[in-house]
Amino acid sequence: MTIASLHDFHRPLGSTGLTVSPLGLGTVKLGRDQGVKYPNGFQIPGDDEARMLLRQARELGINLIDTAPAYGRSEERLGPLLRDQRQDWVIVSKVGEEFADGLSHHDFSAAHTRMSVERSLQRLETDFIDLVLVHSDGNDMAILEHTEVYTTLAALKAEGKIRGFGFSGKTVEGGLKALEQGDCAMVTYNLNEQNEKAVIDYAAAHDKAILVKKALASGHVCLSPGVDPVRASFELLFAQPGVASAIVGTINPLHLAHNVATVAQVLRGH
Ligand SMILES: NC(=O)c1ccc[n+]([C@@H]2O[C@H](COP(=O)([O-])OP(=O)(O)OC[C@H]3O[C@@H](n4cnc5c(N)ncnc54)[C@H](OP(=O)(O)O)[C@@H]3O)[C@@H](O)[C@H]2O)c1
């Protein structure tokens, strides 16, 4: 029996020049267990477990990993965990949200953006980050029109510290604006929530990148008995030509294998 893998399904991430697997690994659960909205409680995996999960992901053809300063210890754990395999991964991180002592706060100033990216470079033990997204607080247009975060990210890209930048927001208006000036939008798109479809359509028409977050509605998708929610979610997503990759957060190796096998089947068309 051949094990399904995603190696044959790597695709361009918009016009960033990066090539990514259609499934990425979300790493909230590697770093943070407070203030999260998953249906079940969980324990943050130890280093051996995390290392095995990353190795499994890589062997299954996943080359995309998503982290953020707001995911607790995620970035600082990924540095050592990915040591000596930097060239195998497309790393996405974020700026704008900080999470400390159980509370989030946001800062979209130029000084904070620069400090945050420099800190991510150090934590991730790398001299460039492939893609940095603005971690919106929901006030997408205000952030894009009245703060310095996007122009600062453009400057960091020109300096070669990041390869691309974009926005992880909550509104259609914000997603469209973010794509006009940036490389990528991370949108929510799943069986329960499809408001941001216009952003995906815009990206498809303008060769911009779309990453999908909460593809499984953070684990809250419930369907009729007999319908596999994972398959139904990926069928919905990959029917959209604008979607480059779905970032799914899992710390369960069986779920990871099932998700990869399902994406491979959906993309093969059966
Ligand atoms: N504002 C932002 O930028 C933002 C916001 C949210 C998320 N994100 C990114 O997107 C990633 C994904 O979002 P998310 O974690 O909220 O939601 P998600 O990927 O829709 O769902 C993750 C949840 O689904 C479960 N799951 C995964 N595969 C499964 C399977 N085959 N069967 C049953 N359950 C399964 C996981 O539990 P197990 O661990 O038990 O598999 C986890 O609790 C995050 O890790 C993060 O990287 C970004």
Side-chain angles (χ1 to χ4, degrees), residues 4 20 22-33 35-45 49-50 53-54 56-57 60 62 64-72 74-75 77-78 90-99 104 106 108 131-140 143 149 165-171 174-175 178 184-193 196 210-223 227-234 236-237 243-266:
V20 296
L23 193 61
L25 189 65
T27 64
V28 175
K29 286 175 140 186
L30 289 187
R32 168 170 160 184
D33 58 5
V36 287
K37 295 178 187 150
Y38 297 112
N40 303 311
F42 66 97
Q43 237 186 346
I44 295 178
E49 225 180 311
L53 190 80
L54 293 168
Q56 180 192 8
L60 292 173
I62 291 177
L64 177 63
I65 193 155
D66 180 70
T67 183
Y71 298 167
S74 173
E75 279 188 324
R77 294 192 73 197
L78 287 176
V90 170
I91 300 180
V92 182
S93 192
K94 312 208 180 66
V95 291
E97 181 178 345
E98 297 287 314
F99 183 78
S104 274
H106 293 85
F108 303 105
L131 186 68
V132 173
L133 305 176
V134 178
H135 217 153
S136 172
D137 59 3
N139 297 306
D140 297 353
I143 296 167
V149 66
F165 67 96
F167 200 85
S168 178
K170 298 193 180 168
T171 64
C184 179
M186 181 180 261
V187 300
T188 300
Y189 194 72
N190 60 46
L191 290 164
N192 298 350
E193 218 179 318
E196 291 172 75
I210 292 287
L211 297 175
V212 172
K213 61 190 170 192
K214 305 183 194 174
L216 305 178
S218 304
H220 292 279
V221 167
C222 293
L223 294 172
V227 179
D228 174 1
V230 173
R231 173 178 274 272
S233 299
F234 290 140
L236 175 87
L237 269 193
V243 170
S245 187
I247 307 290
V248 173
T250 182
I251 48 172
N252 180 325
L254 294 176
H255 289 169
L256 182 60
H258 179 64
N259 296 346
V260 166
T262 307
V263 168
Q265 277 177 3
V266 168

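Here the structure is a predicted model, which is why all the values come from computation and not from measurement. All ligand and atom numbering here is 1-based and tracks the order in the structure.
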Exercise for the section: May I ask you to decide if T171's main-chain N or O and D140's side chain share a donor-acceptor pair within less than 3.5 Å? Expected result: yes
Exercise for the section: Could you tell me the separation between the CG atom of N259 and the CZ atom of R231, rounded to the nearest 0.5 Å? Expected result: 12.5 Å
Problem - Residue pair S168 / K213, side-chain donor-acceptor N/O under 3.5 Å - result: yes
Practice task
Return the protein residues near ligand 1 (heavy atom under 4.0 Å from any of its atoms), ordered by chain and residue number.
Solution key: G26, T27, V28, K29, Y38, D66, Y71, K94, H135, S168, M186, K213, K214, A215, L216, A217, S218, G219, V230, I247, V248, G249, T250, I251, N252, H255, H258, N259
Exercise for the section: With rounding to the nearest 0.5 Å, note down the distance linking OG1 in T67 to CD1 in I91. Expected result: 9.0 Å
Handout entry: Any donor-acceptor pair under 3.5 Å from E196 side chain to G175 backbone
Key = no
Exercise for the section: Taking S233 for its side chain and P229 for its backbone only, find out whether a donor-acceptor pair lies under 3.5 Å. Expected result: yes
